[in-house]
J.: 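Below is the structure I would like to discuss, written out as structure tokens.
Quantities reported herein were computed from a predicted structural model and do not represent experimental measurements. Letters go in sequence order (proteins before strands), and every chain restarts at 1.
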There are 2 protein chains.
Amino acid sequence: MEHRIDRIKKQLHAQSYKLTPQREATVRVLLEREEDHLSAEDVYLLVKEKAPEIGLATVYRTLELLSELKIVDKINFGDGVSRYDLRKEGATHFHHHLVCTECGSVEEIVEDLLEDVEKLIQDDWGFKVKDHRLTFHGICRQCQIQEAVTT
Amino acid sequence: MEHRIDRIKKQLHAQSYKLTPQREATVRVLLEREEDHLSAEDVYLLVKEKAPEIGLATVYRTLELLSELKIVDKINFGDGVSRYDLRKEGATHFHHHLVCTECGSVEEIVEDLLEDVEKLIQDDWGFKVKDHRLTFHGICRQCQIQEAVTT
DNA sequence: CTCGGTGCAAAGCCTTTGCATATGC
DNA sequence: GCATATGCAAAGGCTTTGCACCGAG
């Protein structure tokens with residue numbers, strides 16, 4: 001974990017930004033809750049536990065900054081709230097998501113899966129792909145089991 | 001076009017909703033601008049041209065309704081505005097988008113492309129896919145040409 | 001007459017911004 | 001000391017809601 005903080009610190013310094021205590025606290029929360037897809041408000045509340053004096057605006061500004069530096073990805077599942085997701089170390093692509101329409105759970109898929117499709121897009125549409133967002137909506141394994149039991 | 005209006009009328013009636021003049025005007029705008037990705041405000045302004053008395057709230061309510069009935073898809077390209085896109089007739093899947101980060105243009109891809117990937121998701125993750133959202137971010141053909149010229 | 005639909009304005013959210021203060025180099 | 005970063009509160013932008021009125025069956 002310290003290693004990753006260090007890396008981020010360097011990334012910030014490279015653009016002459018500072019890793020202030022508030023920013024570090026925010027990054028730590030993101031690291032601890034890497035599997036989740038926290039909203040700005042979620043992050044704020046969690047950071048507040050360790051650094052009660054932090055303001056919501058700072059969290060927004062920090063998340064915006066991290067987003068610009070491609071350290072986190074800003075995603076939107078259509079519920080009107082932005083969520084922030086730490087990029088996997090060394091990942092060139094954004095990972096995909098499985099959103100369950102029954103229980104709202106979000107699963108991550110790290111595998112690329114889109115290599116062939118991207119090649120097609122480049123070749124057939126002449127569109128130079130830089131990044132992508134792929135989300136599947138459906139019913140997760142758990143809810144399928146539930147359904148089978150209840151029915 | 002009248003044919004499609006009729007179909008939508010039936011879909012509404014089937015759920016005991018009415019195709020009021022306001023709703024019809026809204027649907028007509030969506031049909032006329034099928035290639036675009038209009039925001040609620042865009043739709044509102046266009047509808048207002050033919051039916052000046054309409055209110056923005058009604059447009060929102062209509063779009064919400066059409067969205068629930070799966071007649072339109074609500075999408076979000078991350079700019080904080082919802083956009084509304086008519087489903088292609090008989091389409092079971094949402095189509096994909098190529099968003100150019102240079103000029104902001106949005107191209108549509110009707111081809112499925114994800115059959116194999118969806119099969120994998122079902123088989124390997126046990127997730128029953130109902131729908132998907134796929135957006136590529138990158139540089140469109142036009143902007144690539146521009147770049148080549150300017151450089 | 002009844003109930004869904006509409007228009008308007010007000011309220012609600014999430015997010016951004018202005019500004020004075022505090023902090024790090 | 002100076003520029004950057006922060007906190008707070010206010011402002012902003014998009015969307016939803018409350019409420020009285022309207023209109024079709």
J.: Measure the distance from CG on B/Leu38 to P on D/dC14 and round it to the nearest whole Å.
T.: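 Answer to the nearest Å: 15 Å.
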J.: How would you label the contact of B/Glu41 with the nucleic acid (heavy atoms, under 4.0 Å): base, sugar-phosphate, or nothing?
T.: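 No contact.
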J.: Would you say the base of D/dG7 and the side-chain of A/Arg61 have a donor-acceptor pair closer than 3.5 Å?
T.: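 Present.
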J.: For A/Leu63 and C/dC14, give me the distance from atom CG to atom P, rounded to whole Å.
T.: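 A/Leu63 atom CG is separated from C/dC14 atom P by 15 Å.
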J.: For B/Gly80 and B/Ala57, take the nucleotide of DNA chain D holding the closest heavy atom to each; which residue's nucleotide lies nearer the 5' end?
T.: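 Closer to the 5' end of DNA chain D: B/Gly80.
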J.: Does A/Glu115, at its CD atom, have more than 12 non-hydrogen atoms belonging to other residues, nucleotides or ligands within less than 6.0 Å?
T.: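 Atom CD in A/Glu115 is not packed in, count stays at 12 or less.
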J.: Starting from A/Ile145, walk the hydrophobic network (Ile, Leu, Val, Met, Phe, Trp, Tyr; side-chain heavy atoms closer than 4.5 Å) and list everyone else you reach, by chain and number.
T.: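 When side chains under 4.5 Å apart are linked, the cluster holding A/Ile145 also contains A/Val149.
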J.: Run the salt-bridge test on A/Glu108 and A/Lys88 with the 4.0 Å N-O cut-off and return the result as yes or no.
T.: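 Judged by the 4.0 Å cut-off on N to carboxylate O distance, A/Glu108 and A/Lys88 do form a salt bridge.
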J.: Any Lys/Arg nitrogen of B/Asp42 or B/Arg33 sitting under 4.0 Å from an Asp/Glu carboxylate oxygen of the other?
T.: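 So B/Asp42 does not pair with B/Arg33 through a salt bridge.
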J.: Strictly below 4.0 Å: does A/Thr58 bring a side-chain N or O up to OP1 or OP2 of D/dA5?
T.: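 So the side-chain polar atoms of A/Thr58 never come under 4.0 Å of the phosphate oxygens OP1 or OP2 of D/dA5.
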J.: Taking atom P of D/dT16 as reference, at what distance in whole Å does atom CG of B/Leu56 sit?
T.: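 It works out to 10 Å between those atoms.
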J.: Can you pull out the residues from residues 9-31 of chain A that lie within a 4.0 Å heavy-atom distance of DNA chain C?
T.: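 The answer is none.
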J.: Quick test of your reading of the model: are A/Lys74 and A/Glu64 salt-bridged, counting only N-O distances below 4.0 Å?
T.: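 A salt bridge links A/Lys74 with A/Glu64.
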J.: Roughly, in whole Å, what's the span from NZ in B/Lys74 to C1' in D/dT15?
T.: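 Rounded to whole Å, this separation is 8 Å.
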J.: Closer than 4.0 Å, any side-chain N/O of B/Ser39 to the OP1 or OP2 of D/dC14?
T.: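 Looking at the OP1 and OP2 atoms of D/dC14, neither is under 4.0 Å from any side-chain N or O of B/Ser39.
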J.: Looking at B/Tyr60, does any N or O in its side chain come under 4.0 Å of the phosphate oxygens OP1/OP2 on D/dT15?
T.: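 Yes, B/Tyr60 has a side-chain N/O under 4.0 Å of OP1/OP2 on D/dT15.
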J.: In whole Å, what is the span from the CG atom of A/Leu65 to the C1' atom of C/dT15?
T.: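 In whole Å, C/dT15 C1' and A/Leu65 CG are 16 Å from each other.
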J.: So does A/Lys50 pair up with A/Glu24, basic N to acidic O under 4.0 Å?
T.: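 Salt bridge flag = no for A/Glu24 with A/Lys50.
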J.: Parallel, tilted or perpendicular, judged at 30° and 60°: which one describes the rings of A/His97 and A/Phe77?
T.: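 Judged by the thresholds at 30° and 60°, the geometry between A/His97 and A/Phe77 is perpendicular.
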J.: Please give, in whole Å, the distance from C/dC14 C1' to A/Asp79 CG?
T.: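 Taking CG of A/Asp79 and C1' of C/dC14, I get 11 Å after rounding.
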J.: When the distance from OH of B/Tyr44 to C1' of D/dC14 is rounded to whole Å, what number comes out?
T.: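 Answer to the nearest Å: 14 Å.
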J.: Figure out the CD/P separation between A/Glu68 and C/dT16, and round it to whole Å.
T.: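 Checked: the CD to P distance equals 11 Å.
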